[in-house]
Amino acid sequence: MNGQRVLLLGSRCHPAMQRRLFTQSTLLRNKLGQPSLGRPLSKTPGHSDNKIAKTNWGRPEQAPNGKQSKRSVPEQREWTRPADLDKRQAMKRKSRQPTESASQRKERKKKEEEMALLMKQEELEMQKLKAKKKATAEEKQVRDVYIPEIINVANLSRILGIRLEQALQTMEELEMDNPSHDRMLSSDESSLIAMQLDMNPIVDERQALDLYPRPAPPDPSTLPSRPPVVTIMGHVDHGKTTLLDTLRKTSVAAGEAGGITQHIGAFSVKLPSKKSITFLDTPGHAAFSSMRQRGAQVTDIVVLVVAGDDGVMPQTQEAIEHAHSANVPIVVAINKCDKPGVDTTKVKQELARYNVHLEEIGGDVPAVEVSGLTGYNLDKLEETISTLSEILELKAEQTNGAEGVVIESQVEKGRGNVATVLVRRGTLKPGSTVVAGRTWCRVRSMTDHQGKPVKEALPGMPVKVIGWKEVPMAGDEMLQAPDEGTAKTVVDNRKARQQRDQQLKDLQVINDKRRQQRETLEQERLIEREYKKEMYMFHRGLIDSQPESLGKRLSAIQSSQEDQDGNDSKNDILEYRAVVKGDVSGTVEAVVDCLNGLRNKQIQVKVVESGVGNITEGDVQLAAACEGHVIGFNVKADKKIQAEASKRGVGVRSYSVIYKLLEEVKDQLGDMLPPIITTQVNGEASILQIFDISIKGRETRAVAGCRVTNGTIQRNGRVRILRDKNPIWEGELDALRQVKKDITEAKKGLECGMSFAGFTDFKAGDVIQSIQTIETKQKL
């Protein structure tokens, strides 16, 4: 293009100028190179005329002058596989590496041999370790470990022969809570850990020994019949015991304290048809709920006594609930129907409200109208009970060991520990060894309810058993043991089991306390880390405000922990401590339950010890140690015990009626509580004017000129001053005068002057009230 532009310009110039321009264009073309396209018009070396130059259609890499072109050319695409490409790259790297000498090759082979030897040794060690693990596993499968009842994790790891970390890891695998070295474990938890580690835990085989009732026979229809056990239940003073007195032709009700039954009585009654029925008389007072429940559980038929003149009462409802829960049939006896004005229809309608549907209205519950005093319709009641027992087909085996239930237990003078037992299965004979609860007995003798000796007790028969090592609890199951050794072992196991259960409760408390301490420590460490982080950010300028001090944060955690401990603890609650003794175990149980129920937010009753028998010197010493009282029910303390109690300052009280006992204990609880303080206003006066009166020398005293507007102002009483209906001072009067005369009281409408002891900042318009503080005893 440059050459063409020069020629065009040169066609109009001087010839000399044309030659000079042509020379310059030639030099410029040689410097820039031959263009690949276009038709040069200038002359080139080797050409004499202006012909068109031949176009070069060769590869763009080479120009006609042999120089390399700067134009970019795309590379040839590689279609080889990745594996071939890796081989090529490896060959290239190998070709770049320098040739290996003989010494280097020798050293390399030596290193390869050493590596192979090391690999072989490691493989042998792995094989030995696997064999050792296998042998250890086989050893663990047959290894027995003896575990105590209570142990912590650290000591258990020593017994099992493992590291503490492994024991904690095993606890985590078993998803046990609070895995730590000091956690207390029971025998069951320790056994789980041992079995997880393929060990055989052994606690104690002797502790597994116990007595259990025999299974029911497959065909009870072949067994002999037994008399029915009938429980008389109902409200207090509805005539239950009088009804039974008429049935058995005795008088027990007249000799009962307070006219109410306070323990279960068991006896057999023979009917004119020579059939016998076993009756259980239960107390009707509200305090003896556990006795009624126990009576309903051991009975076959419940006779519900309802007074025709009283109807369904609270204990009647409770007896119905006990009978329904025990799934026992009910026979309703409407007593006192011979009294004038008694409407039995109303009683029957009331019973229907409590799911007791009588046969008269289409139900299945028989009802008999009777009179305990005159014996009216008692034969009909016996016939109804006998018919119902035949329908129930009550049968029991008489050949094997005896099984029964302890109805009552007591300590009798000259006999020792005595228990009334109702035999349910088998035959009980003198010389037999029986176990009940946590005591056992070799039967020395047996008597019936009339005190006559009994050679054998068949099913359905209540007897008094003499020879117990300790007094059994009412409601305990009685089972016959093969020999005395077995009985002793069973009793020891049961006592140990009870102690273990108590220890487990204590352990739970200990573990909870340690867990709380650990959580508190973790919270404190977390707060320390947060505090350090915030202080670092504050010094670096990342946050503007300075963090709260570490001491405040830790004190907040400690105060919250103290509040929680304060809520859980019962240190602020007053306690009335008592040692309870009674004549029979059932009565003691009822008294303890009633005393435990006497409580509110300020005070509670704590029964330190309870038992059957007379009050002893040990009971007085225990009450003195705990600053408590001794409560006896149907038992007394002799003069020596009373002298010891008065010497130690211990109160000893005996009762024979349950409601009198409860009333006196409630009264004593009220004495322990702080009194309720109330303020009574006896008179009011308003300050009309303030006077300054000279007293000694130049000293003056402010006196309030008042008028009594209501009631009476007493000179010796307390007063308070109100300003805008708010009290500003309370104290005593210094002087009360009318003109110059001292008076003892000021009545309504009287104008007087008053001065106050230690207070002069009163103003006109203030109100003066004469007040009286009244203390009222709290009642539970």
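Only this structure's heavy atoms are used, side chains among them; waters, hydrogens and symmetry mates stay out.
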How many angstroms lie between CG in Leu554 and OG1 in Thr520, if you round to the nearest 0.5 Å?
-> 11.5 Å
Report the relative orientation of the aromatic rings in Phe759 and Phe762; use parallel for angles under 30°, tilted for 30 to 60°, perpendicular for over 60°.
-> tilted
Quick one: CD on Glu522 to CD on Gln517, what's the gap to the nearest 0.5 Å?
-> 12.5 Å
Check Gly311 against Val347 and note the closest heavy-atom contact, atom names and distance.
-> CA-CG2, 4.2 Å
Pairwise distance CD(Glu530) to CE(Met535) - rounded to 0.5 angstrom = 14.5 Å
Can you list every pair that meets salt bridge (charged side-chain N to carboxylate O under 4.0 Å, His left out) and has a residue in residues 646-656, with sequence neighbours left out?
-> Glu644-Arg648
Do you know which two heavy atoms are closest between Gln315 and Gly234, and how far apart they sit?
-> CB-O, 4.1 Å
Neighbour count >12 (heavy atoms, 6.0 Å) for atom OH, Tyr354 = yes
Can you tell me if CD on Gln778 sees more than 12 non-hydrogen neighbours from other groups inside 6.0 Å?
-> yes
Measure across Gln317 and Val312 and return the closest heavy-atom pair with its distance rounded to 0.1 Å.
-> CG-CG1, 3.8 Å
Listed once per pair and sorted, the side-chain hydrogen bond (donor to acceptor under 3.5 Å, both in side chains) pairs that draw on residues 724-734, sequence neighbours left out = Arg701-Asp734
Can you name the side-chain contact (heavy atoms from CB on, under 4.5 Å) partners of Arg529, sequence neighbours left out?
-> Arg525, Leu526
Taking all heavy atoms of Gln668 and all of Tyr655, pick out the closest pair and write down the distance.
-> NE2-OH, 4.3 Å
Residue Arg723 excluded, over 12 heavy atoms near CZ under 6.0 Å = yes
How far does OG1 of Thr773 sit from CD1 of Ile677, to the nearest 0.5 angstrom?
-> 7.5 Å
Taking atom NZ of Lys777 as the centre, report whether more than 12 heavy atoms of other residues, nucleotides or ligands fall under 6.0 Å from it.
-> yes
Which atoms form the tightest heavy-atom contact between Ile721 and Ile768, and what is the distance?
-> CG1-CG1, 4.4 Å
Selection residues 709-719 - residue pairs positive for side-chain hydrogen bond (donor to acceptor under 3.5 Å, both in side chains), sequence neighbours left out = Gln714-Glu745
For the residue pair Asn614 and Lys581, what are the closest heavy atoms and their distance?
-> O-NZ, 3.0 Å
Is there a side-chain contact between Val411 and Val471, using heavy atoms and a 4.5 Å cut-off?
-> yes
Can you tell me how far the OG1 atom of Thr616 sits from the CG atom of Asp638, to the nearest 0.5 Å?
-> 10.0 Å
Which atom pairs, one a donor and one an acceptor, fall under 3.5 Å between side chains of residues 336-343 and the rest of the protein, sequence neighbours left out?
from	atom 1	to	atom 2	distance (Å)
Lys336	NZ	Asp237	O	3.1
Asp338	OD1	Ser371	OG	3.4
Asp338	OD2	Ser371	OG	2.9
Lys339	NZ	Asp309	OD2	2.9
Asp343	OD1	Thr345	N	3.2

Would you say the side chain of Ile687 lies within less than 4.5 Å of the side chain of Lys763, judging by non-hydrogen atoms?
-> no
Do you know which of Glu528, Glu524, Glu534 makes salt bridge (charged side-chain N to carboxylate O under 4.0 Å, His left out) with Arg553?
-> Glu534
With distance as the sole criterion, is a donor-acceptor pair present between the side chains of Asn178 and Arg518 under 3.5 Å?
-> yes
The reported gap from NZ in Lys636 to OG in Ser656 (rounded to nearest 0.5 angstrom) is 8.5 Å
List, one per line, each side-chain donor-acceptor pair under 3.5 Å for residues 620-632, sequence neighbours excluded.
none

